[in-house]
Amino acid sequence: SPQCNLAGTWVNDLGSKMVIGTTNEDGQFSGSYLTAVSAATDAAIRESPLHGRQHHTNRRAQPTFGMTVIWSFSDSTTVFVGQCFVDEKGEETLETTWLLREEVATHADDWKANRIQLLTNLR
Ligand SMILES: O=C(CCCC[C@@H]1SC[C@@H]2NC(=O)N[C@@H]21)NCCc1cc([N+](=O)[O-])ccc1O
């Protein structure tokens, strides 16, 4: 069965673009994320670094993974957890759930620090 490899370029329905390099023998990968959208009203959107880890495709055909994006233009961080799917034509799709936390001024403001989005398709 064709292995589902995270390396390459991915786009999602928001128009964001993610570029991932080769995965090493531990399943670690890195790349960059150019989001098409942001809730940080004042900042100009810039490419942001990402680092993640997947189950290795030499053991799993459709591996799960996790990855972190440290936004370069906003005091916030997004973590994605997802799985890579391959259809009968070899088309690959990443289904992910993400959680975004923005830095807030005080602990009392912690209630508004999280944003969560269930399932978005990154391809
Ligand atoms: O926007 C970001 C970073 C980009 C997140 C893009 C997401 S990641 C999942 C989804 N998929 C995708 O492609 N793009 C989106 N941080 C805003 C934090 C923030 C919010 C407020 N506020 O809400 O008031 C104020 C000041 C702030 O710094």
Side-chain angles (χ1 to χ4, degrees):
S1 66
Q3 304 299 351
C4 200
N5 195 316
L6 289 179
T9 302
W10 305 86
V11 293
N12 70 10
D13 48 358
L14 296 168
S16 302
K17 189 174 144 191
M18 175 169 83
V19 181
I20 294 186
T22 51
T23 299
N24 71 14
E25 62 282 350
D26 293 330
Q28 294 166 314
F29 59 85
S30 57
S32 63
Y33 201 102
L34 182 59
T35 178
V37 294
S38 166
T41 47
D42 49 354
I45 292 175
R46 290 198 310 273
E47 198 175 75
S48 302
L50 71 88
H51 296 275
R53 190 155 175 180
Q54 65 167 97
H55 284 274
H56 220 283
T57 46
N58 59 10
R59 284 210 302 274
R60 311 295 313 153
Q62 300 189 115
T64 57
F65 63 92
M67 66 180 213
T68 301
V69 181
I70 299 291
W71 301 106
S72 56
F73 57 90
S74 156
D75 296 327
S76 62
T77 301
T78 296
V79 292
F80 292 81
V81 63
Q83 183 174 0
C84 185
F85 293 104
V86 193
D87 69 15
E88 59 292 337
K89 295 193 293 295
E91 278 292 303
E92 294 177 335
T93 300
L94 302 182
E95 286 289 350
T96 67
T97 303
W98 55 265
L99 179 60
L100 181 152
R101 180 174 265 269
E102 92 185 67
E103 182 184 312
V104 293
T106 69
H107 194 190
D109 294 330
D110 181 63
W111 63 272
K112 66 178 178 181
N114 280 308
R115 290 167 184 267
I116 186 161
Q117 167 80 38
L118 298 178
L119 286 191
T120 173
N121 172 332
L122 261 182
R123 167 80 179 221

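In what follows, residues are counted from 1 in the order of the sequence shown. When a ligand or atom number is given, it counts from 1 through the structure's own listing order.
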For this session: May I ask you to check whether Asp75 has an N/O atom sitting below 3.5 Å from an N/O atom of ligand 1?
Result: no
Exercise. Looking only at non-hydrogen atoms, which of Gly15, Ala39, Ser48 approaches atom 1 (O) of ligand 1 most closely?
Worked result: Ala39
Exercise. Do Trp111 side-chain atoms and His107 backbone N/O form a donor-acceptor pair below 3.5 Å?
Worked result: no
Exercise. More than 12 heavy atoms of other residues, nucleotides or ligands under 6.0 Å from NE2 of His56: is that the case?
Worked result: yes
Problem set entry | Numbered atoms and elements of ligand 1 in range of Ser38, under 4.0 angstrom, heavy atoms | 1 (O), 2 (C)
Exercise. Which protein non-hydrogen atom lies closest to atom 26 (C) of ligand 1, naming both residue and atom, and how far is it?
Worked result: Glu102 OE2, 3.7 Å
For this session: Answer yes or no: is there a donor N or O on one side and an acceptor on the other, between the side chain of Asp26 and the main chain of Gln28, under 3.5 Å?
Result: no
Exercise. Do we see a donor-acceptor contact under 3.5 Å between the side chains of Gln54 and Thr23?
Worked result: yes
Exercise. Does Ala36 offer a backbone N or O that forms a donor-acceptor pair with the side chain of Ser16 under 3.5 Å?
Worked result: yes
Seminar exercise, completed: min-distance protein heavy atom vs atom 14 (N) of ligand 1 -> Thr35 OG1, 3.0 Å
Problem set entry | Numbered atoms of ligand 1 (with element) below 4.0 Å of Thr78, judged on heavy atoms | 8 (S)
Problem set entry | CG-CZ distance between Leu6 and Phe29, expressed to the nearest 0.5 angstrom | 5.0 Å
For this session: Please work out whether any backbone atom (N, CA, C, O) or any side-chain heavy atom from C-beta onward of Val69 is under 4.0 Å from ligand 1, and answer side chain, backbone, both or neither.
Result: neither
Exercise. How close does the nearest protein non-hydrogen atom get to atom 28 (O) of ligand 1, and which residue and atom is it?
Worked result: Ser74 OG, 2.7 Å
For this session: Answer yes when Asp75 and Arg101 have at least one side-chain N-carboxylate O distance shorter than 4.0 Å, and no when they do not.
Result: no
For this session: Would you mind listing which atoms of ligand 1 come within a distance below 4.0 Å of any non-hydrogen atom of Leu100?
Result: 2 (C), 5 (C), 16 (N)
Exercise. Quick one: nearest non-hydrogen protein atom to atom 12 (C) of ligand 1, plus distance?
Worked result: Tyr33 OH, 3.3 Å
For this session: Can you pull out the closest protein heavy atom to atom 15 (C) of ligand 1? Residue, atom name and distance to 0.1 Å, please.
Result: Val37 CG2, 3.8 Å
Exercise. Which one of Thr97, Leu99, Val69 satisfies the side chain to side chain contact (heavy atoms under 4.5 Å, CB included) criterion with Val79?
Worked result: Leu99
For this session: Check ligand 1 against Ser76 and write out every atom of the ligand that is under 4.0 Å from a heavy-atom position of the residue.
Result: 2 (C), 3 (C), 16 (N), 17 (C), 18 (C)
For this session: Go through the side-chain N and O atoms of Thr78 and Trp71 and say whether any donor and acceptor fall under 3.5 Å apart.
Result: yes
Exercise. Under 4.0 Å from any heavy atom of Arg115, which atoms of ligand 1 are there?
Worked result: 22 (N), 23 (O)
